[in-house]
Visitor: 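There's a structure below that I have some questions on.
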Protein chains: 2
Amino acid sequence: MEPTTQPKVPEFHVAVDVVALTIKRNLLQVAVVQRKGTQSCIRDPKGGVVREVPREPFDYALPGGHVEWQGESLVEAACRELLEETSIEVKPEDLVQIGAYGDVGRDPRSGRTVSIAYVAFSPDFASPFAGSDAANAKFMDVVEVLADPNRLEFDHNQMLRDAISRVRELMERTPIALKFCDEEFTLGDLRHVYEVMFHPAYNPDADTLRFADRIRREESKSDSSIAERQIHVLSKAFSESSKNELMMTMPMNDMPMGLSSGRKMTRDQDVLAKVQKLLEEEYRRASRVSTPGEKSAREKMKLSFDAANFARKAELIEGFIERIPGRTRQSSSGTGKPAQLYRRGRAEKLDPPLIIPRRATKPAKRTAK
Amino acid sequence: MEPTTQPKVPEFHVAVDVVALTIKRNLLQVAVVQRKGTQSCIRDPKGGVVREVPREPFDYALPGGHVEWQGESLVEAACRELLEETSIEVKPEDLVQIGAYGDVGRDPRSGRTVSIAYVAFSPDFASPFAGSDAANAKFMDVVEVLADPNRLEFDHNQMLRDAISRVRELMERTPIALKFCDEEFTLGDLRHVYEVMFHPAYNPDADTLRFADRIRREESKSDSSIAERQIHVLSKAFSESSKNELMMTMPMNDMPMGLSSGRKMTRDQDVLAKVQKLLEEEYRRASRVSTPGEKSAREKMKLSFDAANFARKAELIEGFIERIPGRTRQSSSGTGKPAQLYRRGRAEKLDPPLIIPRRATKPAKRTAK
DNA sequence: GCAAAAGTGTTTCCCCTACACCCATGG
DNA sequence: CCATGGGTGTAGGGGAAACACTTTTGC
């Protein structure tokens, strides 16, 4: 209720941030940068305000920056910043707005900054490398980014969580998951995408620290040479050479090698396999009904990831996928029956949404038996 | 890809807009203002850019304005603007962010304006009256606002539609609808809230013009004295006196008088009843399966609004509502069996969401019969 | 008695889950 | 032959929609 005469509008900065999510080797990864300078902008645990503190080597930020000229739309700015800071190139239509973040204390540097966050979800981001304003740029496992001691600057932590929820929504109601499949894909390929994205480790309330710890423990057990402090557990699990070698044998863009096994087991691959086993095991733990006492939200996460039923469900959705008669492909692990190939349908919306916890999954009658 | 040296950040304005939605007499209404000045900012049908054109008496805008001082958060600004322009008072926690609207051409006036839109959904807004910057402020039927010849300035049209979708989501997953019920309410009361909010007339693709036309036709048939041009079809359907009189007889805040009938039929009430019959009929039309050929998105809107099953569903959701043993209340229309009273439960999230089109409602076997 | 609304009971349908089982492949 | 993953078949449990019917009120 100030005097309404000629309001003294404060100096505003409008920024954009991009949560670039992708899936590598069955793990959800996000593009992060390490900003230049000696100070990081970290949220004060008590008070909630962001303060400048001495920069640590494990401080990260999402790529982003200011809208820079008059005629630049918000999405355009987001694309540009992503490109500049990480060399990742996306089209404006690939960005989905998450929302505006405008808390007063969210940027201690100068004036007042409102940031519009976008999410990009794509399998074929270029390998990031640092550009302007960033000393470093790379993809990191999401659980790793969110776990101690790593820190995300500003309110990027919240943005990341919001982005994941948004992508989950998109995966329920749009064929966005097909971006992670080749033109011809198997139902197993498709299912993997959903399994990763809906993994309980990425739930808002997930204990990412525990996850990350277990992953780290696996890593140290393998006494892999790259064990520095805690960063980069998996993004460097492969040396460049063996990575390329692996890529050759993978039918899909960076797709799995399955949840277990693998043809040529290097030591690094061995670590990887164990980590993935952990995730898989954790997924089961989180979705199984153990004690009939508490059916928390987590429990509802029980998804139709039973291979058989997932397939039926996906095929049932009109315009989602269509089978390619006669064409099959050997499963990625090399074993098993060759799978039927599909291609994407014409639908832009998935009408019966693919994944809905439609009932509060009863503890199953099996308890009686 | 401009030179990245010292980016010339443009002059940005940060604004907020509020979509204040409420339900009056079974119709969804939104708070709009008429700005002062001789020019309206209307989107050019061809080109999509907003231009200043001579103001017409049927031009409206959502309440909103600039964030005015350094320490003012976005929600605070939204609250303040709503209060200033419409005298409606809301608490920050009642506002839900819809998103940021930052298209380049969205405000032709000065510099570049990014607006953060919020939605408020509450039954007990004060009666709005114009404040600063607004020559007029009132609640209007949503269908009326969206229909010719009325115009919403800037991109407020889109904001309104987005707001409605957001509220629908909230009604599925949170007990927000209970805000429209008294502390003690019947399942019929609750059901009405859902029926209004999910009415096909408010679907993004709805033919609001047709709706508004039919409502207007009803109005002119009744040769009600208030028939001006097209504005205020229903918001003035009651004279102040009979309005107060009606309020007395209504058990809930501005709740219905049922979808038909009414104890004391004044002429205005007669019009109203007819209009509501139209809406009801339209709802049925839109949700019935007519030709088994096209099962459009509209068709999926078929909701569980069958009274009996809605009640069962609501009672099933844990923590949503709890019955008050022994207490009943006469239905608002005065007729019918007195209904069981309920009070709100402790749940903040509705766990099996109340309304989900879980199957692509088959054309019903009835075709065969 | 009749209309209107609430509430209860019941039937039918079919979705979804789970499980069993077969298939095809590499090793 | 076994392990592995793909795929089909199917039984049963259960939710929900639809419908029938009763109850209680005002007129």
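Given the structure is predicted, the values throughout are model-derived calculations rather than measurements.
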Visitor: Closest to the B:Asp306 side chain: C:dT25, D:dG26, D:dA18?
Guide: D:dA18
Visitor: How long is the span from the CD atom in A:Gln29 to the CG atom in A:Asp141, to the nearest 0.5 Å?
Guide: 4.5 Å
Visitor: Answer yes when A:Glu322 and A:Arg344 have at least one side-chain N-carboxylate O distance shorter than 4.0 Å, and no when they do not.
Guide: no
Visitor: Less than 4.0 angstrom from a charged side-chain N to a carboxylate O is my criterion; do A:Asp189 and A:Arg329 meet it?
Guide: yes
Visitor: Which nucleotide, D:dA17, C:dT25, D:dA16, lies nearest any side-chain atom of B:Leu316?
Guide: D:dA16
Visitor: Please give, in whole Å, the distance from D:dC19 P to B:Phe310 CZ?
Guide: 20 Å
Visitor: Taking only nitrogen or oxygen atoms into account, show me every contact under 3.5 Å that the protein makes with nucleotides 6-8 of chain C, one pair per line with its distance.
Guide:
from: C:dG7; atom 1: OP1; to: B:Gln340; atom 2: N; distance (Å): 2.3

Visitor: How close or far is atom P of D:dA16 from atom CG of B:Leu354, stated in whole angstroms?
Guide: 10 Å
Visitor: Whole angstrom is fine here: how far is it from CZ in A:Arg327 over to P in D:dG7?
Guide: 14 Å
Visitor: Could you tell me the separation between the CG atom of A:Leu190 and the P atom of D:dG7, rounded to a whole number of Å?
Guide: 12 Å
Visitor: Which residues pass the ring pair (Phe, Tyr, Trp, His ring centres under 6.0 Å) test with A:Phe121, sequence neighbours left out?
Guide: A:Phe180
Visitor: How many whole angstroms separate atom CD of B:Gln330 from atom C1' of D:dT23?
Guide: 13 Å
Visitor: Sequence neighbours left out, what passes side-chain contact (heavy atoms from CB on, under 4.5 Å) with B:Ala347? Give chain and number order.
Guide: none
Visitor: For A:Arg312, is there an ion pair with A:Glu315 - N to carboxylate O distance below 4.0 angstrom?
Guide: no
Visitor: Can you tell me how far P of D:dA20 sits from CG of B:Asn309, to the nearest Å?
Guide: 14 Å
